[in-house]
Asker: 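Before anything else, here's the structure in question.
Quick caveat: nothing in here was measured; it's all calculated off a predicted structure. Lettering of chains follows the sequences in order, A, B, ..., and the numbering in each one begins at 1.
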Amino acid sequence: MKIEGIEITHPDALVFPGARITKGGLARYYDRIAIYMLPYLKDRPVSLQRFPKGIDHPGFFQKHAQDYFPDFIDRIPVKTKAGSAVEILVNHKKSLLYLVNLSVVTFHTWLSRKGALEYPDKVIFDLDPSNGDFDTLKRGALLVREMLAGKDIDARLMTTGKKGVHLYYPICPERPFDEVRARIRAWAEVLVEKHPDLFTLEIRKKKRGNKIFLDLLRNAYAQTGVCPYSLRPNHNAGVATPLEWSELSRLNSGDQYTYHTIFKRLETKEAQRRDTTPGN
DNA sequence: GGCTAGG
DNA sequence: CCTAGCCAACGCTCC
DNA sequence: GGAGCG
């Protein structure tokens, strides 16, 4: 099996045994989703979550480009606490498929891009439901949206493919991570004060109760967030899916869209766009 | 999954 | 030859 | 200063 000139080895090996998804299926998924996903990957160092033995076995994270990676994989030197490291960029479909053949299931990206790695160009509010129900999470998402709208910020919504949702929005990459995080942290603290039964900023799991954990910690240098349209290593193969706000009321979970349903949703959305675009 | 170090 | 080991690491907070 | 957390 060959896609984009990349030989997909062991195409019949099961990556998601429960959902009966093979490595060939994984490669076809990313081949098809690439057109939607690549813009979100462009020029961002990635953290790869790999499962060579399938998701029912322990996987591992990888950030550094290995010496044996082919030349067509773009590399980017980054500063680390220890000194420096060479990380990976996924700017082309061919790189995407090469990495998928290494059994990458999930792509996580930095919140900053090549040329301005110290300056985030994106902010993420990660809403984790703790033990609470999804309706509560939806209410929380609307409150965060409203809070940001009050600051003239038009946040977008995404399911994570797991339990929660992300609100995210672009910013000009001109202020360092610490400054950006301090500002949104202050906003979040006000929100927690207004809705102390709904939100928490507590890192310790035991202290969160059933409240929505507002995780802002990923808005930091070298931290990552799940890339839109990435698969997640859970039983039903959830997909991180950007949504319209109008879709929130009908949303039932953070893993509503999966390997099996995402393309149907994208086709429906595309058809709606065609119908409402003048000149057709 | 693919490579390397060590037996 | 075969197999075991490796493949991330920052910022915050509680203790 | 180290462990939990993502």
Asker: Distance check, P atoms only: B:dT4 and C:dA8, in whole angstrom units.
Answerer: 15 Å
Asker: Rounded to whole angstrom units, what separation is found between the CG atom of A:Leu48 and the C1' atom of C:dC6?
Answerer: 15 Å
Asker: Which residue, A:Ala222 or A:Lys207, contacts DNA chain C at a nucleotide closer to its 5' end, judged by nearest heavy atom?
Answerer: A:Ala222
Asker: A:Ile73 has an atom CD1; how far is it from atom C1' of B:dG2, in whole Å?
Answerer: 14 Å
Asker: Roughly how many Å apart are D:dC5 and C:dC7, using the P atom of each and rounding to a whole number?
Answerer: 24 Å
Asker: Which whole number of Å gives the distance between the P atom of C:dC6 and that of D:dG6?
Answerer: 25 Å
Asker: What is the distance, rounded to the nearest whole Å, between atom CZ of A:Phe213 and atom P of C:dT13?
Answerer: 10 Å
Asker: Heavy atoms under 4.0 Å, any strand shown: does A:Arg218 hit a base, just sugar-phosphate, or nothing?
Answerer: sugar-phosphate
Asker: Under the salt bridge (charged side-chain N to carboxylate O under 4.0 Å, His left out) criterion, do A:Asp215 and A:Arg208 qualify, and how do the steps go?
Answerer: CA-CA 12 Å; A:Asp215 181 3; A:Arg208 290 182 201 162; over 6 Å; no
Asker: What nucleotide, of C:dT13, C:dC10, B:dG2, holds the atom closest to the side chain of A:Thr9?
Answerer: B:dG2
Asker: With rounding to the nearest 0.5 angstrom, report the CZ to CG distance, A:Phe51 to A:Leu26.
Answerer: 11.0 Å
Asker: Considering every strand and a 4.0 Å limit on heavy-atom distances, what is the contact class for A:Lys23: base, sugar-phosphate, or nothing?
Answerer: sugar-phosphate
Asker: Considering every strand and a 4.0 Å limit on heavy-atom distances, what is the contact class for A:Asp67: base, sugar-phosphate, or nothing?
Answerer: nothing
Asker: Side-chain N or O of A:Ser103 less than 4.0 angstrom from OP1 or OP2 on B:dG1?
Answerer: yes
Asker: Can you see which heavy atom on A:Pro39 is nearest to which on A:Ala34, and at what distance?
Answerer: CD-O, 4.3 Å
Asker: Between B:dC3 atom P and A:Gln62 atom CD, what is the distance in whole Å?
Answerer: 12 Å
Asker: Give one of base, sugar-phosphate or nothing for A:Thr224, where a contact means two heavy atoms less than 4.0 Å apart.
Answerer: nothing
Asker: Less than 4.0 angstrom from a charged side-chain N to a carboxylate O is my criterion; do A:Glu244 and A:Lys269 meet it?
Answerer: yes
Asker: What's the closest nucleotide to the A:Tyr68 side chain, out of D:dG6, C:dC14, B:dC3?
Answerer: B:dC3
Asker: Take the protein atom CD of A:Glu189 and the nucleotide atom C1' of C:dT13, then report the distance between them rounded to whole Å.
Answerer: 13 Å
Asker: Let's see if you can work this out: which of B:dG2, C:dG11, C:dC10 has an atom nearest to the side-chain heavy atoms of A:Leu102?
Answerer: B:dG2
Asker: Below 4.0 angstrom from OP1 or OP2 of C:dT13, is there any side-chain N or O of A:Arg208?
Answerer: no
Asker: Would you please confirm or rule out a distance under 4.0 Å between OP1 or OP2 of C:dG11 and any side-chain N or O of A:Lys81?
Answerer: no
Asker: Classify the nucleic acid contact of A:Phe60 as base, sugar-phosphate or nothing, counting any heavy atom under 4.0 Å across all strands shown.
Answerer: base
Asker: Which distance, rounded to the nearest 0.5 Å, do you find between the CG of A:Asp135 and the CG of A:Leu251?
Answerer: 10.0 Å
Asker: Expressed in angstrom and rounded to an integer, what is the separation of A:Ile88 atom CD1 from C:dC7 atom P?
Answerer: 14 Å
Asker: Is the terminal nitrogen or CZ of A:Arg32 (NZ for Lys, CZ for Arg) located under 6.0 angstrom from the six-membered ring centre of A:Phe263 and within 45° of that ring's axis?
Answerer: yes
Asker: From CD1 of A:Ile55 over to C1' of B:dG1, roughly how many Å is that when rounded to an integer?
Answerer: 17 Å
Asker: Please determine if A:Glu189 and A:Arg185 form a salt bridge, counting it only when a charged side-chain N lies under 4.0 Å from a carboxylate O.
Answerer: yes
Asker: How many whole angstroms separate atom NZ of A:Lys205 from atom P of C:dT13?
Answerer: 19 Å
Asker: Between B:dC3 and C:dC10, how far apart are the P atoms? Round to whole Å, please.
Answerer: 28 Å
Asker: Please confirm whether the shortest side-chain N or O distance from A:His64 to OP1 or OP2 of C:dC6 is below 4.0 Å.
Answerer: no
Asker: Does C:dT13 have its OP1 or OP2 closer than 4.0 Å to a side-chain nitrogen or oxygen of A:Arg185?
Answerer: yes
Asker: Can a side chain N or O of A:Asn101 be found less than 4.0 Å away from OP1 or OP2 on B:dG2?
Answerer: yes
Asker: Toward the 5' end of DNA chain C, which comes first, A:Ile203 or A:Lys63, by nearest nucleotide?
Answerer: A:Lys63
